[in-house]
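Atoms within each ligand, like the ligands themselves, are counted from 1 in listed order.
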Amino acid sequence: MAAMSLQLTVVSLFLLGGVLTFPLGQESCHPTKPDMLNVHLVPHTHDDVGWLKTVDQYFYGDRNDIQHAGVQYILDSVVDQLLKNPDRRFIYVETAFFYRWWRQQSSSMQQTVKQLVNEGRLEFVNGGWCMSDEATTHYSAVIDQMTMGLRFLNETFGPCGRPRVAWHIDPFGHAREHASMFAQMGYDGFFFGRLDYQDRARRMMYREQELLWRASDSLTPPMADLFTGILPNGYNPPEGFCWDQSCDDAPIRDDPDLEDYNVDDVVKRFLAIAEGQSAVYKTNHIIMTMGSDFQYENANLWYKNLDKLIHYVNAQQANGIKVNVLYSTPSCYLQELHRTNLTWALKNDDFFPYADDAHDFWTGYFTSRPALKRYERISNSNLQVMCNQLEVLGGPVSRRGPFGVGDSKTMKEAMAVAQHHDAVSGTEKQHVANDYARRLANGWQHCQVCRASHDIVFIVTEKCLSLSQFSVNVYNPLARPVTWPVRLPVNGTAYVVSDANASSSSLSSFQVVPVSPATREVRRSRGFAVNELVFQVQAPPLGYTTYSVSLLQNGPPPASTQHHTPTAIKNKVLNHSVITYEHFLQVTFDPDTGLLSSLSNLETKQTIKLTQNFYWYNASDGNNVESIQPSGAYIFRPNSSTPFVISKTAKTESIQTPAVQEVRQWFSPWVSQVVRLYADSRALELEWTVGPVPIDDDLGKEVITRLDTSIQTAQYFYTDSNGREVLQRKTDFRPTWNLKQSEPIAGNYYPINSRAFIKDDDDQLTVVTDRSQGGGSINNGSLEIMLHRRLLYDDVRGVAEPLNETSGIFPKGLVVRGRLLLSLDRPASAADAHRPLAQEVVLQPLLTFTGGDLHPNTRLEFSGLQAALPPAVHLLTLSQWDKDSVLLRLEHQFQSWESKVNSQPVTVNLQKLFTTLDVLGVSELNLSANQWKDEMKRFSWTPESGTAHLHLSVPSLQHIRT
Ligand SMILES: *[C@@H]1O[C@H](CO)[C@@H](O)[C@H](O)[C@H]1NC(C)=O
Ligand SMILES: *[C@@H]1O[C@H](CO)[C@@H](O)[C@H](O)[C@H]1NC(C)=O
Ligand SMILES: *[C@@H]1O[C@H](CO)[C@@H](O)[C@H](O)[C@H]1NC(C)=O
Ligand SMILES: *[C@@H]1O[C@H](CO)[C@@H](O)[C@H](O)[C@H]1NC(C)=O
Ligand SMILES: [Zn+2]
């Protein structure tokens with residue numbers, strides 16, 4: 001029997017895979033000297049998978065007028081130089097680039113490179129497709145992009161190609177969930193370059209720049225423990241020692257017969273730097289990153305000088321200098337740290353927000369380019385459904401046909417590239433952002449081919465919906481049934497909707513409502529329907545159902561709207577000041593202002609005061625006595641801590657039908673919202689529309705919505721980490737150092753990937769977002785979320801463009817629409833509601849349409865599962881790995897403290913899981929599927945006493961019993 005017990009983690013399984021064993025990789029690190037200070041020189045290049053240029057422009061070295069950078073030449077040149085001297089080392093990080101280069105090499109060059117890898121002279125670190133952003137990515141997309149890069153390395157180089165070290169030298173702050181994932185992917189350690197300047201200062205003083213990160217409060221240590229090292233100089237070489245063609249530092253001039261002999265000077269400066277560095281680290285080993293952005297295009301310059309540096313510094317050992325310099329790699333350095341058998345400071349929180357100076361908080365990019373952030377999120381959902389799940393469930397048929405398995409590759413690569421720390425983060429130039437979006441759009445096209453073979457025809461145009469008869473296929477990617485509201489643009493005024501059993505049980509469950517003026521405005525010329533047909537669909541787990549829709553020629557007119565201008569009619573109770581469906585939620589509005597005024601959960605009998613409105617901060621333009629830092633793509637710096645209200649009142653219009661009730665609020669020509677309650681929903685939907693953000697006053701603006709409640713938060717609030725575990729936050733506070741707060745708003749912003757909440761003993765208000773956004777709780781009881789930003793200045797971090805988005809459809813400035821889902825629960829059971837809710841937004845049902853009557857043999861309903869999975873278990877990945885095996889990831893999604901019921905361990909019977917797959921065998925892998933679980937042997941590290949927690953070592957999984 002193939003049953004397994006899950007405990008608060010994600011497990012990766014190959015169904016039908018065979019088990020092989022590998023020899024361990026060869027040790028190839030240069031020897032060190034125990035009685036000396038060992039300086040590990042790590043030659044490296046930092047190659048952004050798109051930033052100022054597109055990923056392909058960077059690969060080829062195109063558009064060097066924007067930035068001189070060509071990755072193909074870097075790899076050519078480095079390989080050549082490695083062959084010249086076997087002592088030399090190089091690390092390579094971004095598989096997106098390496099893969100492009102590898103495919104263009106001759107087989108003899110490929111052999112040569114394999115040998116360099118086997119001998120440890122070329123080492124892969126990190127090894128994902130890109131170096132992902134940590135603030136704005138969702139864990140499922142990060143796991144996918146890491147899996148893709150690491151798979152290529154394993155299949156190309158075997159075990160010697162498996163990176164031992166995670167390397168995030170550039171991302172702008174570090175998420176705890178990333179550390180947890182890296183630990184579960186089998187990495188022995190993690191290095192990064194950026195952290196808050198106050199945090200760094202304290203860690204330098206206490207020699208805590210190397211630490212043990214306990215990255216989960218639910219997994220049994222050391223499952224999510226990750227040794228973490230903070231690099232001494234970002235990821236740059238020490239000052240005066242940059243020997244790239246892009247640098248101006250003096251080369252080593254070592255011929256005493258020539259002028260300007262400088263060896264003595266170089267050695268002296270180097271020894272001074274090494275000594276300074278060793279004073280702030282704990283062991284007799286230190287690391288120096290010898291490289292930077294797109295360096296080593298002419299690697300000879302670097303290596304020739306490094307060879308000499310090593311030679312001349314080590315020559316001083318004869319004179320009693322106790323410094324030993326060597327070519328090294330992060331894994332060789334890590335191995336030496338491990339050998340010291342010291343204890344390390346323990347850290348439980350994360351590295352957000354990141355500030356590199358008092359007024360320079362990198363919290364703007366949490367929200368930058370909100371439209372791209374949403375597009376990336378929906379693309380992930382589509383990838384999981386169309387390219388992954390349907391390929392497995394549809395069986396070989398869906399993979400044959402003219403396009404073959406390769407169809408999902410375009411989408412997978414586009415999504416992987418989009419996780420880069422200048423992609424979904426929104427910190428790239430405009431033309432590069434356009435390129436990321438174009439790649440995703442291209443991926444969508446390719447995956448649609450797979451869908452057609454799944455005997456469903458997909459036409460997503462108004463044309464299809466204008467027919468008097470059409471059907472809607474709803475595919476649910478989650479492993480439990482979902483109920484989901486559907487809204488279709490139509491012109492008719494009355495329809496009959498019937499489900500797969502041809503029953504249209506209650507006519508009240510489908511309604512026609514008029515398209516709102518805000519929707520007309522935002523869709524522009526991309527649609528003309530005057531009404532929306534609204535109904536709830538119920539779809540089976542991991543499967544689909546079909547609804548058929550027919551126009552009623554002489555039906556009743558659509559629901560009518562009631563208008564209301566606030567304060568116009570005083571002292572009159574307006575019928576739209578309450579929206580409710582008797583059993584779940586009740587929402588009240590203040591008739592004087594048109595704003596939300598309270599929210600009640602009628603099941604749990606809770607009510608809170610809740611006012612919600614829209615505001616903006618004026619962006620600093622850099623003309624400021626305290627600092628010249630402006631707000632930009634990375635940095636959020638309001639020029640005042642009090643936001644401006646867009647309007648104190650909203651004009652409203654309400655619609656009440658048995659299926660949906662809406663209050664449409666109009667705040668200004670560029671801000672509107674629909675407050676929407678569906679009949680069967682336990683969450684209140686706030687559909688906001690913001691833009692074009694006005695800039696005629698020559699001020700950049702950062703638009704927020706703020707929820708002010710009666711909840712007593714005492715400065716605490718909670719945000720998720722990459723969509724997975726939740727972290728507690730406290731205003732004006734950091735858990736590991738005494739914060740000197742210098743930006744009362746920006747310094748209190750944190751990334752929100754899928755949800756945030758505030759709570760007290762009685763009430764918890766959870767906000768589920770539809771994309772990554774920044775937010776904070778500045779005042780007691782309040783939660784604000786930044787929705788959109790439009791800025792007129794560059795923030796001097798390299799992009800050299802203001803974040804001032806326009807498009808063909810929105811030439812006057814981008815209009816962005818999104819949704820927040822609000823739920824009010826008792827704190828003890830809130831996770832039972834918001835975990836599944838957040839998931840439904842991340843992995844949303846896929847709708848497809850067929851005009852006219854369906855073929856009589858069409859299967860109207862299907863589920864890939866024999867039964868729904870228990871609520872604690874999320875089916876994270878189901879994807880065809882190769883011809884004979886499928887990659888399955890099952891995730892226990894509740895934190896240990898979150899839910900009485902759902903935090904408990906669960907058992908899943910794999911043999912009885914699927915309806916269309918026979919499970920013949922199961923092998924368990926690490927999280928990134930590049931190592932068998934039983935071969936995972938990570939370094940173990942000891943936390944400093946006092947910080948260590950004692951835990952019994954309970955294995956997280958029971959191994960497969962047969
Ligand atoms: C490491 O230190 C522990 C005590 O802290 C000791 O028991 C152990 O033997 C040491 N291991 C090595 C390899 O020195
Ligand atoms: C609605 O009518 C408009 C104008 O005739 C037409 O362009 C559009 O395609 C129709 N849409 C639907 C869904 O019927
Ligand atoms: C912002 O975009 C608008 C619309 O394209 C343009 O008129 C304006 O000059 C831009 N401002 C800046 C500072 O780039
Ligand atoms: C690594 O690649 C080899 C060679 O292709 C393959 O046989 C093996 O199954 C892969 N290992 C894992 C864990 O996927
Ligand atoms: Zn970078």
Quick one: nearest non-hydrogen protein atom to [atom], plus distance?
atom: atom 13 (C) of ligand 3; result: Leu792 O, 3.6 Å
atom: atom 5 (O) of ligand 3; result: Thr806 CG2, 3.6 Å
atom: atom 9 (O) of ligand 2; result: Glu462 OE1, 3.4 Å
atom: atom 1 (C) of ligand 3; result: Asn804 ND2, 1.4 Å

Pair [X], [Y]: side-chain N/O donor-acceptor within cut-off below 3.5 Å:
X: Arg637; Y: Ser631; result: no
X: Ser498; Y: Ser548; result: yes
X: Tyr235; Y: Asp293; result: yes
X: Ser77; Y: Asn298; result: no

Exercise for review: To the nearest 10 degrees, could you say what angle the Zn ion (ligand 5) makes with OD1 of Asp48 and NE2 of His46?
Suggested key: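 About 90°, to the nearest ten degrees.
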Review point. How many angstroms lie between atom NE2 of His421 and atom CG of Asp48, to the nearest 0.5 angstrom?
Key: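 His421 atom NE2 to Asp48 atom CG measures 4.0 Å (nearest 0.5 Å).
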Check your understanding: Say you draw a straight line from OH of Tyr139 to OG of Ser132; how long is it, rounded to the nearest 0.5 Å?
Key ->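 That separation rounds to 15.0 Å.
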**Study point:** Test log, rule salt bridge (charged side-chain N to carboxylate O under 4.0 Å, His left out), inputs Asp56 and Arg439
**Key:** CA-CA 11 Å; Asp56 290 347; Arg439 280 168 197 276; 3.0 Å; yes
Check your understanding: Which of these, Phe172, Phe361, Tyr749, sits in a ring pair (Phe, Tyr, Trp, His ring centres under 6.0 Å) with Phe636?
Key ->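 Of the listed options, the one satisfying the test is Tyr749.
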Check your understanding: Pick from Phe182, Phe351, Trp167: which one makes a ring pair (Phe, Tyr, Trp, His ring centres under 6.0 Å) with Phe190?
Key ->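 One option only clears the test, and that one is Phe182.
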Check your understanding: Is atom 11 (N) of ligand 2 less than 4.0 angstrom from at least one protein heavy atom?
Key ->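 At least one protein heavy atom is under 4.0 Å away.
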Check your understanding: Within the structure, does at least one protein heavy atom fall under 4.0 Å of atom 7 (O) of ligand 3?
Key ->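 So atom 7 (O) of ligand 3 lacks protein heavy-atom neighbours under 4.0 Å.
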**Study point:** Element-labelled atoms of ligand 3 that are located less than 4.0 Å from some non-hydrogen atom of Arg790
**Key:**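 Answer for ligand 3: 2 (O), 3 (C), 4 (C).
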Exercise for review: Check each atom of ligand 3 against the heavy atoms of Pro802 and keep those under 4.0 Å away; list them by number with element.
Suggested key: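 In order of number, 14 (O).
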Review point. Of the backbone atoms (N, CA, C, O) and the side-chain heavy atoms from C-beta on, which set of Glu805 has a member under 4.0 Å from an atom of ligand 3: side chain, backbone, both, or neither?
Key: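 Answer for Glu805: neither.
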Review point. At the 4.0 Å heavy-atom cut-off, does Lys812 count as touching ligand 3?
Key: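 Flag not set, Lys812 not near ligand 3.
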Exercise for review: Please identify which atoms of ligand 2 are closer than 4.0 Å to at least one heavy atom of Asn491.
Suggested key: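 Near Asn491, meaning under 4.0 Å from one of its heavy atoms, ligand 2 has 1 (C), 2 (O), 3 (C), 8 (C), 10 (C), 11 (N), 12 (C), 14 (O).
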Review point. At a 4.0 Å threshold, what atoms of ligand 2 neighbour a non-hydrogen atom of Pro489?
Key: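 Listed by number with element, the hits are 13 (C).
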Practice item. Output yes if Asp293 passes the N/O/S-under-2.8 Å test against the Zn ion (ligand 5); output no otherwise. Key: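 So Asp293 does not count as coordinating the Zn ion (ligand 5).
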Point to revise | Proximal heteroatom of Asp170 relative to the Zn ion (ligand 5) (N/O/S) | key: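 Nearest to the Zn ion (ligand 5) within Asp170's N, O and S set: OD2.
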**Study point:** Shortest non-hydrogen contact between Arg524 and Val815, atoms and distance
**Key:**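 Closest approach of Arg524 to Val815: NH2-CG2, 4.1 Å.
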